[in-house]
Structures are given as C-alpha cells and as structure tokens.
Amino acid sequence: MAELDKQYNSKQVETKWYTLWESKGYFRPASDRGQKTFGKPYTIVIPPPNVTGILHMGHALNSSIQDILVRWNRMKGRDTLWVPGVDHAGIATQNVVEKKLAKEKKTRWDLGREKFLEEVWKWKNENGSTITRQLRRLGASCDWTRERFTMDEGLSRAVREAFVTLYERGLIYRGHYIINWCPRCQTALSDEEAAHKDVQGGLYHIKYPIAGKSGPYEKMGEDHIVVATTRPETMLGDTAVAVHPTDPRYRHLIGKKVILPLLDREIPVIADDFVDPEFGTGIVKVTPAHDPNDFAMGHRHKLEQINVMTPDGKINERGGAYKGMDRFEARKKILQDLEEQGLFVRRDSHLHAVGHCYRCDTVIEPYLSKQWFVKMQPLADKALKAHKQGKTVFTPDRWTKVYLNWLKGIRDWCISRQIWWGHRLPVWYCAECAQSQTGKTTDQRPQTRDQKLQSPVSSLQSDGAIVSREDITQCPRCGSKDIKRDEDVLDTWFSSWLWPFSTLGWPATEASAGKPSKSADLKKFYPTSDLVTAPEIIFFWVARMIMAGLEFMGDVPFRQVHIHGTVRAASGLKMSKSLGNSIDPLEVIEEMGADALRYSLVMLSAQDVYLSREKFEVGRNFANKVWNACRFVLMQLEGFQEASTDTRQFDKIKLSLPSRWILSRLEEKIAMIEKQLTQFSLAQAATELYHFVWDDFCDWYIELAKPMILSEDQALKLQTQKVLFFVCERMLRLLHPFMPFITEEIWQKFKAKADQSDLRGRSGPTSEVGLGRCPDTLMLASWPQEEKKKFHDAEAQKAIGFLQDAVGGIRDLRVRFQIAPTDKLKAVIVCKEQATLETVQAFEREVKVLGRLAELQCVREFEKKGAMAANSFAAFDIFISLEGVLDPETEKKRLQKKIQETEAWIETIRKKVENPSFAQKAPKEVLEKEKEKLADAQKLLVSYQTQRASF
RNA sequence: GGGCAAUUAGCUCAGUUGGUUAGAGCAUCUCCUUUACACGGAGAGGGUCAGAGGUUCGAAUCCUCUAUUGCCCACCA
C-alpha cells in the first residue's frame, strides 16, 4: 500500500473528491439513487446568495454549518436534500450592469428596456455562477441537479402565481403613499431596505411670518413664529404648520395663517395631537408629500400634498427659484437665502436616525408615489398562530422574540420597484375601462399606511388594473386592445419568500390551472427540516418565508430556524469589501485548505465570529494533526489483514487497558457529539472532537500503542492494530461532516485495507446505508452510534487516569530538575493501597516507556534514601533519585507551599462537608464526591508532610 | 426612546440544566530535531470570572441594580 505523503496536499485532494462525489450523484437524495433510507427525510434550502456576490466569510460560515448538518444526516441514512441557488438581486445586479454601461457613457434609457435586459442576462450568464463555484470549493454537498435561480422559468411562475393569488384574496393593493425612495437607484424601497443610521445633523430654526402683518421681513418684530426642521429644503412643499391643541403659547394662532417664506404662500396653522410641545419650538412645519407623519396629518386635515422633488432627488417646478437644484444643494441655498432675509434663527446640532439605501447607501427620501403593497396583517396573524402551535422553533431561542416583535408591529410591504431587472408585475391597465370608470369607483384604499388607520382593503379597480396569470393582449372586460403593462418589477424578496417551496417545484401545474398541485419533491421534502441563516435576514427573509409558506402551502416552510453569529473583522466592524477589512475565504482555502477554513469557522461560531487571518491556523494545524495521526496508524497496519469495523470482534479478545480506555473514551464522545449536533451546538461538537483526536488519541493512545505494537506478544500486537484501525476509522466518520476532504482521502486508504478482509458486520440501524458492504465513499458510510454502553469502562478510565498522573509526575520532575530526556532515570512508585498497586503494576511497562525510565519499581512500602525528589498524588507518590542535583532548602520551601495550599483546600471542603444543610440538601452523589475529595486531599497532605520531614 | 447580547489568563474565546482547586487555543518562558506530526512533543507561569447587592448548604452560572462595549428596532420634526 502506498504510504501517505508527509505533507497533506489539500488542493489536489479537494478537487479530486468533489468532482467524484458530484459526478457519482452522491449529493442527490438517496431515494433518487434508489437506495434505502432511514427515518424522515432531511431537507435544507440554502439562503440564496446574491447573484452579483462573491463568497464572503459570512457565506462560508453559513454554508459550512449547513454542510455539516447535511452530511451528518446523510450519514445517518436519512433521505437528504440540500437545494442550492441564487437570487437575482434586482437592484444590486441592475446597478452592476448600469455601472458597466456608464463606462461606455450610456444609461439604461439609451438602450431601452429590452436591450438592457439582454445585457443583464448576458452579464448573469457570464458572471452569475461565481458564488456557486466557490461553494463547491468549500465542499458544500448541494444537489446541483436541483439548482435554482429566482428568475428561471419555474420560479417566475411561482412569483406570478403568488401575486395573482394574493390579489384575488384582496391582499395586494395599489396606492399613493409616502414610501422610502432612493434617488440614486430611482426606485421605491421597502421599510426593511431602508437602513437607519445615526447622523449628526442640524435642527434648523426658521421664522415663518404671520399673515396679515405685511411689510418687509426685517420689520416683523414679534409677528412671526419659529419652526424647527432637519430638512429645510422640504419647506417648499409645506402646506401648514401645526401646534399641539392645548399648547398655551400658540393656542391663539390656531386657524390663523402664516406666510411660507421664499415662496410667499399662505398656509394655515393647524392643531394636531401628534405635535410634541416639548420638542424644538413646539411648532412643526407640515409637508404631506415628504414626510410620513406629515402625510398622516395632511390626511387628517385634508391638506394639499405638494411634491417638490423629481425622482432623482432634485427640486421640481413647484420649488420656484430652486428648481433643478439637487436636494442638498437646495438646502444650502435655502438656508442662505433665509439668512439674508433675516428669517434664519439658528442651527442646533442634532443627532437623528436617517434612512440609507441598503444597496447604495444614498440618503433615502420619504417620497409620495404610487406603489403596490401587500397587506401584511392577515399574513402575520397566520404566522403568529403557527408560532403558538409551536410549528417553527428558533435557536437560539432569543430570536423568537425578535421575530414575534416584528410580526406584531407589521406594516404593509411595498413590493413595486421602478427598475427593470426582476419579475415584471403581471398587471395591465386598460385605457378604455379606466375612462369609463372615472368617477364611479369606490376607492377603499386605506387613508395612510399607518396600521391603525387601515380599513379592510379590497383590490383597487379605479385605474382599470387587470391582474392576470397569463400575458394578455386585450382587455378581458371590454375587449379593448388599448392596454398597457405596468412598468414596475417586484421586490426581489417577493421571489425569495417563496424559495422553500418554489425551489421544490411549486406550482406544479401550469399556472393557468388556477390550483397549483404539489410536485413529488414537494410532497416528500416540504416542510423542510432546518433553515440556517444570519440574524440580519430574519425580517427580510425568514419571517416572510414563514408567512408565504402558511399562505400558499398551508404549512410552515421549515421546522427549525438556526440563527448563527455574524462574521466580523477583528476590529469589531462588520466585514465588508467596501471597508477593505474582509478576508477572502478563497484565499484561505488556497493557503490552508477548505477543511481548515471550515473547522476554524465552526469552532469559533458559538457566537459572533471575530476574524483575523491567524485564527485559521487552528484548523490548519488540526487538519495536519489528523493527517499525521492517520498516517502513523496506516504505517502500523503494514501486513495487517484483519481490518474490521465490526464491534463484535472485541467480545472475544481480552483487550489491553489502554485499548479499553480509548474505546471507552470514543464511546463517550460519540454520545456527546450526537447530543451537541442535535442541539445545534456545532462549535462544541467540533471542540469535543478536536480534544478527543489530539489529547486522547494522539497524545495518549498512540503513544501507548507504540510499545504494544513493538511487543513480541503477537496477540497484543494484533489487537492493538485492530483497535487503532477501529478507533481511527470511527474518528474519520465523526470528523467527516466537519472536514470532508481530508477524511475522505484518508478513509479511502483504510477502505483499501478493509476490502481485503471484511468491513461488513456493522451494527446499528443505519448500518446498511451505502451498499450493505463497505460503501464507496465516506460520505455514505454510516454515522457512528453509541452502542448501548458496550465499551463504557470505568475501570480502564480510572487506571489510565493513574497512568497519566504517574507519567505527568515523572515528566514534571524531569523538567523541574532539568534532567535531559536522554538520561535514563530510576523511579519508584509508592502506592498507598493494595488495589492501586495492582492497577499501577498493570501498566508498569507503559510508564517506563512514556517516562523514559531505565527502571521502575512499584511498591507498597518505601524508605526514602539520600537525595530524592517526589511528586505526590492522592493514590501514590513517585520518587526519583537526584544525587547532586537536589537542593534540600528549595525542596523544603516548595513542599511548605504545597502543604499550605493543601491545608487551605482541606479546610474549604471540610467546611462544606460538615455543614449540616449541605448534607441534608445536596444530592447524594455530590456529597459522596466531596467526601472522596476530602479523603484524597488528606492523603496528599500526609505525603507532603512525610516528605518534608525527611529533609 | 425601546429591545437584545457581551464583559472569564497579555490576546481570542469555551464553560451544557447552579456542585472537583475555573478551562482551551494563541502569545510568553524552560527543555526536546525521541523513527506520525516543529502546522510537533514535554513542562511552567499567568484569572478576586466588569462592579455592587441578593437568593442558596453551594454562584462564572439564577435575580436586581450600576458601568463599559457592540448589535437590532423606532415616523418627534
């Protein structure tokens, strides 16, 4: 058999195995391959990354976690499906292509809609698969045969089906409201797409003259009021000023008029409860077209709405002299003009939250425009009910509250976008119908989007809107061919929220059939099992998916939502390309391997992950350790013909103590890891494995196995080989979900060994996964099961505990007295009890090897002679000869310190044990433990005292 | 303004439902090129578990308050 290289070549191994896994269809569900499965199907859908995106650390963490869960469940024999895909990211993708055009000094308008979309598709086809290629590098075992894109045919049909259905149910309406507008992207945004950031801005105090007191402003004296605003440019659209109805300072002004400066318009002073007399001057300027509060106030007082801005954030013709200026330019000029006219009072520094476009970071403008909305309350109610029934569980649990709070404060969802890349609204307008209906429509639109003011909405018919599952060329009502399709497209999340079922083939029938039926995949895999995602996406996506699942499928889309931490740079900031603090996962993969990346990330993922490059060394070092440990084991198996993972083989053999011990430890770890994976504690599971491999297996078992392998006792040699093979093989299975590549590479060598003999008789319910014999790939090997405590061995654990103490004691003495490792020592172990002596004698040889001793005596009684140093434990003392090295004074001091420590310790325990309440209330085991501890401490104290006395 | 999280060794973090003398990795120091691994081995030093109260036989762990940091949400101009 070819020996493994000393160095692990991750790059070569990763490509080799990924290609093979994919080409053999191992990523597909077992049922697709006609194989037997166990338990319920297990399904995950990937949170679809942005098609413009590249893999960043957040994705890497997210995908690693999902892959661990998927591979674990696949090994357990469940019918496992992981559906991958990307979303079309309307605004982001359009921005990318527009930027490209800008380099050629062109805009999308120059190309026109159709040509432009061709460009976007071209871009998508050329660049859109970057991220999925990168996911492959990571080792993600997605079923690529089921890969989906939100703009592909099936998903587009789902979007249209969803839109029309909601419209028919009266849950979609069109209306004129204040929405979040990005002047750069020139589109409406949903509330979630407006990211609020605290900005240190100004609160500007401005005089508005009271009408009727005409004359030059300079002579106004007290004949004015002062309003405070953060956005002075919007004053061009003011149609009132408001005060609180009971404010004694201004009550007399209510009903009077003031003059809007700069434009010289008369506007009324109104009274409204909304105004907070404590804030600013207690007077608010009211701009219904540019502020959501003012919009609501405007409705209450039937005020005119004056929109003073163009879609690209410039002042329009209603802004008089300021027409054509950019909004911020206009702000400056207005303040300047006001100052010149003596109407500017002062600027207070003011910290306030300002909305920014989450795609381009431009300051958002609250803007009055006609948009389409989803009425969310009925959807949220269903989600709240489903939560009460415990249909979806969040881990960690605290996110449940975040989710519920959002649902409870739900607001209608603005879904129309004034861009081109996306699903165009399936809405047509008939010119003739619109005309004939003029004046006789009953407009049931809510007065504002404010929750409390919403009336039950039915669909809006007033402008002759026709909503259709199929494209139409003439009006179904009047037959007119004078119809026009709505220019807008839908919010990208309007397709993402259907993701869990649209990717599984919903709607299965042609959309025209009206009642979508379930596809085979949908029947088998919906609802899915787990959703793994980052917290920032709960509102955008998770909550909406739950609502959509309930609305369209009648059931939640997933049973569990696992929220993992956010990946941040070491500085604490979010990692992002624009900040230049990101670490490219691909670079880490190149440098250290995908396994190293995955393992490091998962180990750190117990909470938010703060990354720096060095942190990946943990994973790299561990991968190297695994590699070399297995390399060693394989080297010991030369000529070995009895490789088997059949646990029954150990029944007939009298195993050595170290072998019993490692099997017992393995058993414990299997149980523990099972528990932790079930609880989503992946970081803990990874840490457990890390310590099992490194501490138990490498540092102790391999070292203990060396002398046994070299032993002349052929039976001992053989059983040690068996145990090495067995433990190592199981270890690889346990590690596989975390580090798939390296484990597969090594495991194949083990398999080659096992094929020569038998790898058949595995036990446990999942043992037949694969082929009923050794499967071709570790991916499909069975997941190790705790075997009814078969290997649990308290005696061996205790014995090896003694051994570790003894060896540790000797090593400590060597270092403390600077004895070269090559100096062979003589040591004596003095046991305090006969039973201990027998245990210690059983591993005399091992202690000699590991402690590099020339001679070892194990005795009950021992008289110290000459200069000897000792290390004491509760069960035994170890002495070594130190002629000419030992300084009695130093040693006495050390012992004195130890005695003091031990006495203090004993005192603490005694207090505890002798406390009657403790004896009464503490559980028996704890009491026993404490008593044992006390006895041990006392033994130790005696040892120290005896030693000190001997000097 | 509301909510959530974090605060444990020089640094980065574990610490399961309260129960050994609070752990790991990195860094530091000492020793070791011992035939799996120097991406290694052996050992050592280093912590009043943010602070103050409280519950308890017993608190890093549960409760209250305070401080600092971070995140999310929010229509007071």
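Everything quoted here is computed from the prediction, not taken from an experiment. Throughout, protein chains are lettered first and strands after them, A, B, ... in sequence-line order, and every chain is numbered starting at 1.
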Remember a base hit wins even if backbone is also touched, and classify [X] as base, sugar-phosphate or nothing at under 4.0 Å, heavy atoms.
X      : answer
A:F622 : nothing
A:A353 : base
A:A922 : base
A:H350 : sugar-phosphate
A:K285 : nothing
A:T230 : sugar-phosphate
A:K408 : nothing
A:V286 : nothing

In whole Å, measure the gap between the [atom1] atoms of [N] and [M] for me.
N     : M     : atom1 : result
B:G10 : B:U56 : C1'   : 36 Å
B:G45 : B:A9  : C1'   : 11 Å
B:G23 : B:C37 : P     : 32 Å
B:A60 : B:G2  : P     : 32 Å
B:U17 : B:C11 : C1'   : 32 Å
B:C73 : B:A14 : P     : 24 Å
B:C49 : B:G40 : P     : 32 Å
B:U8  : B:G15 : P     : 14 Å

Can you tell which of [options] lies closest to the side chain of [X]?
X      : options             : answer
A:D276 : B:A36, B:G70, B:A77 : B:A77
A:N628 : B:C37, B:A74, B:C72 : B:C37
A:Q818 : B:C37, B:U30, B:A74 : B:U30
A:P923 : B:A74, B:C73, B:G19 : B:G19
A:F274 : B:C39, B:G19, B:A77 : B:A77
A:Q684 : B:A77, B:G15, B:C37 : B:G15

task: Determine yes or no for a side-chain-to-main-chain donor-acceptor pair under 3.5 angstrom, with A:R894 supplying the side chain and A:T890 the backbone.
output: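 Judged by distance alone, no pair lies under 3.5 Å.
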
message: Donor-acceptor pair, distance only, cut-off 3.5 Å: does the side chain of A:H299 make one with the backbone of A:F295?
response: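 The answer is no, because no donor-acceptor pair under 3.5 Å joins these two groups.
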
task: May I ask you to evaluate whether A:K615 reaches the phosphate of B:C11, defined as a side-chain N or O under 4.0 Å from OP1 or OP2?
output: no

I need the [atom1]-[atom2] distance between [X] and [N], as an integer number of Å.
X      : N     : atom1 : atom2 : value
A:I270 : B:A77 : CD1   : C1'   : 13 Å
A:Q636 : B:C37 : CD    : P     : 12 Å
A:R620 : B:A38 : CZ    : P     : 12 Å
A:L351 : B:G1  : CG    : C1'   : 12 Å
A:M603 : B:G15 : CE    : P     : 12 Å
A:R814 : B:C31 : CZ    : C1'   : 11 Å
A:L601 : B:C13 : CG    : P     : 14 Å
A:R852 : B:C32 : CZ    : C1'   : 9 Å

field: Summary of salt bridge (charged side-chain N to carboxylate O under 4.0 Å, His left out) pairs that have at least one residue in residues 270-280 of chain A, sequence neighbours excluded
entry: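 Residue pairs with at least one partner in residues 270-280 of chain A: A:D272-A:R300.
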
Is it true that the side chains of [X] and [Y] contain a donor and an acceptor less than 3.5 Å apart?
X      : Y      : answer
A:E192 : A:W406 : yes
A:S349 : A:Q200 : yes
A:T234 : A:K285 : yes
A:E668 : A:Q797 : yes

- prompt: Taking the inter-plane angle between the rings of A:Y177 and A:F373 on a 0 to 90° scale, is it parallel (under 30°), tilted (30 to 60°) or perpendicular (over 60°)?
  reply: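 Aromatic pair A:Y177/A:F373 classed perpendicular.
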
task: Indicate the ring-plane relationship of A:F279 and A:H350, choosing parallel, tilted or perpendicular according to the 30° and 60° boundaries.
output: perpendicular

Which residues pass the salt bridge (Lys or Arg N to Asp or Glu O under 4.0 Å) test with [X], not counting sequence neighbours?
X      : result
A:E930 : A:K912, A:K933
A:R398 : none
A:K931 : none
A:D812 : A:R816

Using a cutoff of under 3.5 Å, can you pull out all pairs of nitrogen or oxygen atoms linking the protein to nucleotides 2-8 of chain B, with atom names and distances?
| unit_1 | atom_1 | unit_2 | atom_2 | d |
| --- | --- | --- | --- | --- |
| B:C4 | OP1 | A:K401 | NZ | 3.0 |

message: Just verifying a value: how many Å separate A:I673 CD1 and A:T678 OG1, rounded to the nearest 0.5 Å?
response: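 These two atoms lie 11.5 Å from each other.
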
- request: Please figure out whether A:G282 or A:S605 has its closest RNA chain B nucleotide nearer the 5' end.
  value: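 Its nearest nucleotide lies further toward 5', so the answer is A:S605.
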
message: My validator wants the stems of RNA chain B: runs of 3 or more consecutive Watson-Crick or G-U pairs, both distances under 3.5 Å, written as range with range.
response: B:1-7 with B:67-73, B:10-13 with B:23-26, B:28-32 with B:40-44, B:50-54 with B:62-66

- line: 5' to 3', nucleotides 20-29 of chain B under a 4.0 Å protein heavy-atom cut-off (B base, S sugar-phosphate only, - none) gives SB--SS----

task: Please name all residues satisfying ring-ring contact (aromatic ring centres under 6.0 Å, His included) with A:F274, sequence neighbours left out, ordered by chain then number.
output: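 Not a single residue meets the ring-ring contact (aromatic ring centres under 6.0 Å, His included) criterion with A:F274.
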
message: Test of understanding: with side-chain contact (heavy atoms from CB on, under 4.5 Å), list the residues that count as partners of A:E928, not counting sequence neighbours.
response: none

Residues which pass side-chain contact (heavy atoms from CB on, under 4.5 Å) with A:S917, listed by chain and number, not counting sequence neighbours: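 Here the qualifying residues are A:N915.
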
Every protein N/O lying under 3.5 Å from an N/O of nucleotides 41-44 of chain B:
| unit_1 | atom_1 | unit_2 | atom_2 | d |
| --- | --- | --- | --- | --- |
| B:G41 | OP1 | A:K625 | NZ | 3.0 |
| B:G41 | OP1 | A:W694 | NE1 | 2.5 |

